Amino acid sequence: MDLPVDEWKSYVLQKWSLLPESIQVTISSAKTLSEIFLHSSSLLRPEDETFLERLSRGYLVGKDPSAPPFYREEGNRKFQEKDYAGAAVLYSKGVSHSRPNTEDCSLCYANRSAALFHLGHYQTCLEDIIRAQMHGYPERLQPKLTLRKAECLVTLGRLKEASHTISALELESDLTAKSTSVVSPLQNIQKNLCLLKRKIQEKENLPETFPTTVAKHFEDRTLEENKNISNASSSVALCMDLLKGRHLIATKDILPGELLVKEEAFVSVLNPGEMSPRPRSLEVKWDTRVTRGDLYCHKCLKHTLATLPCDGCSYARYCSQECAQQAWALYHSTECSIGGLLLTLGIFCHVALRLTLLSRFEDVGNIIQRIDDEINNKDICLSESQSLVQTFTYGQGGSKEIGKDVETQIPGCDTNGKYENNYNAVFNLLPHTENHSPEHKFLCALSISALCGHLKADDLQAITTSLKSSKLKAARAPQLCADWNVWAVAMLRHLLQLQCNAQAVTTLQHTGPKESDITTSRQVRLATGVFPVISLLNHSCSPNTSVSFSGTVVTVRATQHIGKGQEILHCYGPHESRMDAAERRRKLRSQYFFDCSCPACHSEEGRTASGPRWEAFRCNSCRELMQGDDILFCGNRACTESASRTHLASRLRDLRQQVGAARKLLSSGQLERAIQQLLGCQQNAESFLSAEHIVAGEIEDDLAQAYAALGDWQKSATHLQKSLRVVGARHGPSSVEMGHELFKLAQVLFNGFAIPEALNAIQKAEKVLLMHYGPQSDEIQELQKMRSCLLDLPPTPVGLSG
C-alpha cells in the first residue's frame, strides 16, 4: 500500500521502458527534483489519466444511498448471532454511506447504540442515541430508544437524569396507551420502567464509595525540556558529521527504561488494510469485511467501534466530531473528493500530499523560495550531498566544533539552532534523490503530476490561495502555473523522502480465540507517519532503544545503559534476532542506501557455520550442533554424523506443515487431537533441531495454549517455560518479545492460582514491559490488576491447581 497499486505501477514502468533512450537519459541525468518533475510530467498523456481514473473508480469511497439498508440488515444478522462488535462495525458502514438527517442515518445510529449497549459501552451508546435523534429517528420508535437511554444512565450512576428520562417516558407511554389499542409493546415498556425504578432505588441506598480513579497509578515522568530539540529529553543532544549525518547522542549516563523522546506525528495516514478495488463480477458491491479503516480514527488513530463519517465521503471516519473538524480544516477538505485516487496512488503519495497541505499553516516562505528559485535555474540544487554541512564531529567524549569557518546551523534547525516538529524539519529530511532508480523517480513524478491534475480540476484555488495568506507574505507569490510546479516539486521531494524517513506506526493486535485465557498478540502496522525527531536516529541491528506507539504518539525508551557521549540508536527493521547479517545488509542497502557496519554485523563475520542457535540443526546421535555449508557435520569431533542441508531443510518444511495442521485443529476446538499432533511434532523437532530453534519454541507455545484451553494450567505453564528459553536465546532476556511471553506465563499461573509463582512472573513481565512501553500500556495495567487480585487471596499451597 505504500507505493501505487500494481496495475498503475506496471503501466508506468512499461511506459518508461518504451520511452526513447534519449528521454530516459535526460530524466536519469537530471540533477534537481524540479528537472525530474518537469521532464516526467511533460510525458503524462490523457490516456494515462484515463487509465488511472478507471483504476480509482474501483474503490467505493462516495456515498451510496442504497448501501445503508444492506449494512443494517447484515448488522442485524450479526446482532442476532450475538456478535455485537461485528454488528457495530456493519452499522458504522451503514452510517458512513448515509446522508445526514435521513431516516437511514438515524436507524443505523440507533441500531449501533443497541450493539454498544450489549458490549457495555454505555457512554458511547448514549452518544449514539443522541445522534439517532438528531438525524430524525422515527417517532414511532422513540420509546424503545428512550428506554435504552434510561438504562445507560442508571448503569452509569447518573440517577437524576435517569429519573427524568423515565418520567418523560411514562408520560409519553400513558398518552400513547389512551390513543391506541395496541397494548403489548407498551406493557413491555411499563414493565421495564418498573425494573429501572427499582434499580435507581437500590443504587440510591448504596453507601457512597470513592471512585476507582483515585487509586494511584504509575505516571510517566514528563520529559525535562530540551532547549534544542523539541519532544526530546534533556539527556540527548543533536550532532552531525559527514559520516553519520545528523544523529543523537547521550549528554549523560542513561538508564534502561528512561524516556528519551515522546513525539506526536507531524503527519500520519491510516493504513486501511485489506481494502481492494471492488471486483466487477460480484453481484453484491458492498464489502462486509472488517478493515483497520473501520476500527480506527483516521485523524488520531484511536480504536473505536463507533466511528463518525465524513459528510462528503464514505471512506474517512473519525472517533469524534472534534477529530472530523480538525481533519477537514487541515487536509480533508482537499482529499475528500479524491479518496479513490489516493488509494490507487498509495499511502506514500497520500502522505506527500498531506505534508504539502500542512505546510500552508506555517511560515514556509524561505522553503517556497528555494523551490521556486530552483525551478527558475538559480543554482539551487536539492541534492543532499550539498545540503549536509560538516558542523560537528562525533567522538567518545561527545561532540565538538571542528572549524571556525564552518557554518554551525544544522539543516532542519531554526535560526536559533532549535530542531522542532515542524515543516521546516520535515522539508530538510533527506530525499536521497541520487540513490533512487530512474524508473522509480519517473513513477513518482508521473503520479504526482496526475494527482496535481486532479486537484486543479477539482478546485484551482485549493492550495494556491493560501500562498497569499498573512503568514506567507514574505514569499514572492508566483503565477498560478508556477504555484502548482512549486507544490508538485515539494510533493515529489516528500515522496522520495518517505522510503527512508517514513515510520510504520504499529499497534498490538490480539490473535487467537476471543475466549482464550492466554493473550497472544502480534505487532501490526496501523499507519504511516512522519516524525522529524525520530528520523534523526541512526540504525543499529542491535539497538539501545525501544520504540512504541499510542495512537499518533511515539515514545523512545532506552533498553540498556547508554553511556555519556554514546549514540542513541534505533532499529530500522532488520534486527539481529530476526535475520542474518547478509540479509540485513541487503535490506538496508535496498531501502536505506547504506552498508551497515554496526557491532552486531561485525560480530557475525566470525560466527560459526552452524548459524544462530534459533536456526541451527543438531546431531541426532550426540545432540551437538551441526556445522557446515551444503554438508553439515556434527560439532563434536568424536562423532562422525553428517547430513545434507537440503535434506534437513526438507524435514523442517515437513515439520512446519505438521505444526500448521495442528494449529487448524486447535483453532477449530479439537484440542485433544491438536495436542497429540503437537506432541508428535515436538518429538520430531527434538531429533534434528536445536533446543532453541524457533520452530521448537513455537510448538511449545502452541502446546501451552492447547493445555490452557483445557484448563490444565500446570502443563500449560511447563510448555510456556520451555518457550521462554527459546525466546530468551533469540531475542534476549530484556526484549519486548520476552516481555510478551512472560505476560502469557503470568496469565497461566494466575488462572491456576499458583500465587507465589504468578507474583514472580508478574514482577518479571512488568520489569521488561515497563522498559519498552511505560506504565500506561494495557499489559502493564492488566499485570497490576492481577497482582492486586492475588494479594487479596488467602495463602494457598505452592503449585498449580487444575
Side-chain angles (χ1 to χ4, degrees), residues 236 239-250 254 256 260 384 388 393-396 399 430 432 434-436 499-504 506 523 534-547 556-563 565-617 625-630 632 635 645 690 692-694 697 726-738 771-772:
V236 303
C239 297
M240 191 174 82
D241 62 37
L242 287 180
L243 180 62
K244 296 183 178 180
R246 296 175 296 180
H247 58 282
L248 299 179
I249 65 165
I254 294 172
L260 303 179
E384 52 271 20
L388 278 176
T393 184
Y394 169 78
Q396 192 65 32
S399 60
L430 301 183
H432 296 280
E434 65 269 25
N435 292 315
H436 292 283
Q499 180 166 319
C500 295
N501 292 286
Q503 184 74 43
T506 60
Q523 276 200 336
I534 300 299
S535 292
L536 296 172
L537 295 173
N538 279 335
H539 167 81
S540 171
C541 298
S542 179
N544 52 22
T545 62
S546 178
V547 173
V556 179
R557 289 181 169 82
T559 55
Q560 56 188 255
H561 178 269
I562 304 173
Q566 289 185 328
E567 187 174 359
I568 313 295
L569 296 165
H570 165 44
C571 179
Y572 291 179
H575 195 282
E576 67 167 343
S577 67
R578 301 187 190 104
M579 56 190 78
D580 61 32
E583 185 181 358
R584 297 199 305 268
R585 283 173 168 165
R586 280 195 302 271
K587 287 182 176 292
L588 291 166
R589 164 51 58 185
S590 172
Q591 182 172 350
Y592 297 99
F593 312 120
F594 72 89
D595 294 312
C596 187
S597 58
C598 72
C601 288
H602 279 303
S603 67
E604 284 186 38
E605 291 174 357
R607 181 173 285 173
T608 63
S610 63
R613 288 171 291 173
W614 57 88
E615 292 179 355
F617 299 108
L625 296 183
M626 305 286 281
Q627 298 180 7
D629 295 321
D630 295 336
L632 285 81
R645 185 176 292 277
S690 158
E692 294 163 340
H693 196 284
I694 181 174
V726 177
V727 172
R730 184 183 182 191
H731 298 285
S734 299
S735 63
V736 67
E737 292 84 0
M738 192 68 165
M771 184 171 61
H772 292 277

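For the numbers below, each heavy atom of this structure counts, side chains included, while hydrogens, waters and symmetry mates do not. Bear in mind the structure is a predicted one, so any value in this text is a computation, not a measurement.
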Has Arg246 got a side-chain atom pairing as donor or acceptor with Leu536's backbone, closer than 3.5 angstrom? no
Locate the shortest heavy-atom distance separating Arg613 from Ser690; write the atom from each residue and the value. O-OG, 3.1 Å
For the residue pair Tyr572 and Phe594, categorise the inter-ring angle as parallel (less than 30°), tilted (30 to 60°) or perpendicular (more than 60°). perpendicular
Can a donor-acceptor pair be found, under 3.5 Å and without considering hydrogens, that links the side chain of His247 to the backbone of Asn538? no
For a 4.5 angstrom cut-off between non-hydrogen side-chain atoms, does Ser734 reach Met771? yes
Is a donor on one side and an acceptor on the other found under 3.5 Å between the side chain of Asn544 and the backbone of Leu569? yes
Does any part of the side chain of His436, heavy atoms only, come nearer than 4.5 Å to the side chain of Phe593, both counted from C-beta? yes
Take Cys596 and Arg584 through the test side-chain contact (heavy atoms from CB on, under 4.5 Å) and record every step on the way to the result. CA-CA 8 Å; Cys596 187; Arg584 297 199 305 268; over 6 Å; no
Partner residues of His731 under the ring-ring contact (aromatic ring centres under 6.0 Å, His included) criterion, sequence neighbours left out: none
Minimal non-hydrogen separation, Glu583 against Asp580, with atom names: N-OD1, 2.8 Å
Are the side chain of Arg557 and the backbone N or O of Ser546 linked by a donor-acceptor pair below 3.5 Å? no
Contacts of Glu737 meeting salt bridge (charged side-chain N to carboxylate O under 4.0 Å, His left out) (sequence neighbours excluded), chain-then-number -> Arg578
Looking only at heavy atoms, which two atoms of Pro574 and Lys587 are closest? And how far apart? CG-CB, 4.0 Å
Is Cys571 close to Glu576 at the side-chain level, that is, under 4.5 Å between some pair of heavy atoms? no
Asp595 versus Arg589: any side-chain heavy-atom pair under 4.5 Å? yes
Do Leu260 and Thr545 have side chains that get closer than 4.5 Å, going by heavy atoms? yes
With rounding to the nearest 0.5 angstrom, report the SG to CG distance, Cys500 to Leu588. 10.0 Å
Smallest separation among heavy atoms of Gln499 and Ser590, with atom names: NE2-O, 3.5 Å
side-chain contact (heavy atoms from CB on, under 4.5 Å) evaluation trace for Gln503 with His570: CA-CA 12 Å; Gln503 184 74 43; His570 165 44; 3.9 Å; yes
Arg645 side chain to Gly628 main-chain N or O, any donor-acceptor pair under 3.5 Å? yes
Compare every heavy atom of Phe617 with every heavy atom of Leu632, then report the nearest pair and how far apart it is. CD2-CD1, 4.1 Å
In short, Cys601 meets Arg585 closest at the heavy-atom pair CB-NH2, 3.4 Å
Can you check side-chain contact (heavy atoms from CB on, under 4.5 Å) on Glu692 and Arg730, steps first, answer last? CA-CA 8 Å; Glu692 294 163 340; Arg730 184 183 182 191; over 6 Å; no
